[in-house]
Amino acid sequence: PGTYSRKYGSNAYSGVINILTSDNYNSNSSFHYSDFNSLDFSLGANLIDSHTFYYGSKTSDGYTANTNYELSTFNYKYMINTKSTSTNMTFGLQTKKHGVINQFSKTYPNQFNVNLTRFFRTDTRWNIGSFKMESSTYWIESEDSLTQTYGQPNPFWKHIRATEIGHNFDSEIKYSFGSTSLSTKVSRKRDQNYEVDEFQRDEYSLSINQNISLSKLVFNFGTSASYFDDFGWFYAPGVDIGYKLTDNSRIYQSYDWGYRVPTFFEMHASDYEFHGNDEISVENTNYYEYGLSMDDSRLSANISLFYKSSNDMIDWKFDESINKWRTSNIDYIVANGHSVNVSFNTPEIKWIDIVDFGYNYVDVEYDDNVEYRFISNYLKHQLFFNVAYNFQLPFQLGKINNSFQYRYEHTNSPLDNRYFIDIEISYKLWKFINSLSIKNLMDVQYQDELNIILPGRLVRYSLIFE
């Protein structure tokens with residue numbers, strides 16, 4: 001998990017989830033079948049340009065004992081567009097049932113989780129010349145049920161319900177030398193443990209960002225201020241500076257100061273695996289990044305160096321006295337590293353579409369000689385190479401597209417090295433795309449945290465109708 005972002009809000013993660021906010025959808029359906037009797041089916045449709053439906057279903061017997069799952073998703077979106085205004089209304093639900101494997105699997109081999117998530121969201125956008133506004137209101141509710149004795153008579157279920165309701169308002173005005181954006185957010189989060197208690201948190205946020213472009217020099221700076229009724233006021237300023245070396249290359253530097261407020265689960269967890277800590281402190285982080293980026297028709301590349309220091313970083317450490325993971329603060333931690341990513345286009349070689357390669361390095365240092373659930377398990381080195389190429393078929397039958405990827409990973413454990421090879425082949429006939437992919441071709445066996453085995457080779461066939 002990441003710290004507060006002036007762009008994405010509190011408890012932002014490395015990936016920001018956006019639920020069906022695009023205005024453009026294509027009617028399509030897909031079918032996938034892979035090892036472990038895994039089925040994946042989806043159907044999307046547009047009706048009269050304003051109504052969009054989506055249904056998806058995934059099932060699997062699992063790659064080992066108690067990893068089976070069933071997942072179904074339904075979404076509906078209604079859109080109204082005029083010359084300067086667009087309004088979207090989206091609602092949907094998702095159900096997921098799956099077995100659970102963890103360090104307690106030998107003691108509790110029949111752990112099982114059932115989740116039901118429902119959401120509703122409305123968005124209205126206004127474009128008036130150089131001025132843009134967007135107003136969003138959302139509601140999302142998730143009900144989670146967990147048992148250790150699934151399949152046995154009268155299993156005991158532990159239930160948790162999490163609800164969030166909120167409103168966002170974003171505005172931006174553009175002018176000849178830059179733009180100014182202003183955002184507000186009001187939200188209420190509520191967690192209810194049916195057997196214990198109910199917890200509630202209200203958040204009020206205001207953020208402002210200024211972008212200034214002066215010939216080759218670009219500045220972006222801003223800050224956010226947020227009030228949490230259970231923790232008080234917090235601020236997250238930041239600045240980005242970029243300089244254009246040429247029309248297709250630039251150097252940049254960024255700094256962000258952030259924080260992360262503990263989640264309800266981190267504060268109040270109470271089950272056979274996790275134990276919360278209601279005295280946990282807020283995490284604070286300073287992040288610096290320096291880089292060089294290039295982008296033209298033949299070559300895209302990005303080289304960056306980063307440094308991140310955190311105080312009171314939130315993680316879980318195993319407490320042998322209660323045989324559970326307990327929330328804990330890491331007093332001080334430093335992470336630094338670099339990333340190199342390069343992509344080539346080769347129009348002269350018609351059978352090669354693109355070539356990518358890169359190398360990422362991360363080093364983490366902290367004072368405690370303690371094994372933590374997340375920070376103690378990270379990729380220290382990652383090297384990858386990818387090539388996409390094609391073969392033209394005779395008699396104007398089209399072409400076969402192929403891809404090959406090699407990935408080497410080295411975790412912070414000196415004995416944990418692994419490599420993966422993935423391949424895929426696809427052919428389009430009329431509106432049908434047929435593809436066959438093999439993930440982890442060499443069937444490399446590897447583990448996640450606390451000796452949890454991950455799946456090896458996975459063969460998958462896909463049929464997509466566009």
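Between Tyr372 and Phe374, the distance separating the two ring centers is not shorter than 6.0 angstrom. Not less than 6.0 angstrom separates the ring centroid of His381 from the ring centroid of Tyr408. Between Phe385 and Tyr406, the distance separating the two ring centers is not shorter than 6.0 angstrom. The aromatic ring centres of Phe120 and Trp139 sit 6.0 Å or more apart. Between His167 and Tyr138, a ring centre-to-centre spacing not shorter than 6.0 Å is recorded. Taking the six-membered ring for Trp and the full ring otherwise, Tyr255 and Tyr288 have centroids separated by under 6.0 Å. The aromatic ring centroids of Phe91 and Tyr76 lie less than 6.0 Å from each other. For Trp316 and Phe265, the gap between ring centers is short of 6.0 Å. Under the 6.0 Å cut-off for aromatic ring centres, Tyr204 and Phe228 do not qualify, their centroids lying 6.0 Å or more apart.
For Arg188, the salt bridge (Lys or Arg N to Asp or Glu O under 4.0 Å) criterion is met by Asp202, not counting sequence neighbours.
At distances below 3.5 Å, not a single donor-acceptor pair connects side-chain atoms of Lys96 with backbone N or O atoms of Asn113.
More than 12 heavy atoms of other residues, nucleotides or ligands shown are found within 6.0 angstrom of CZ on Phe131. More than 12 heavy atoms of other shown residues, nucleotides or ligands fall within 6.0 angstrom of atom CG in Asp443.
For the 3.5 Å distance criterion, the side chains of Ser343 and Ser300 fail to qualify, holding no donor opposite an acceptor. Side-chain atoms of Ser205 and Ser226 include a donor-acceptor pair closer than 3.5 Å.
Considering Phe306, Tyr359, Tyr290 as possible partners of His338, the one that fulfils the ring pair (Phe, Tyr, Trp, His ring centres under 6.0 Å) test is Tyr359.
Residues Thr263 and Arg201 share a closest heavy-atom pair of CA-NH1, 4.4 Å. The nearest pair of heavy atoms linking Ile280 to Met267 is CG2-CG, 4.0 Å.
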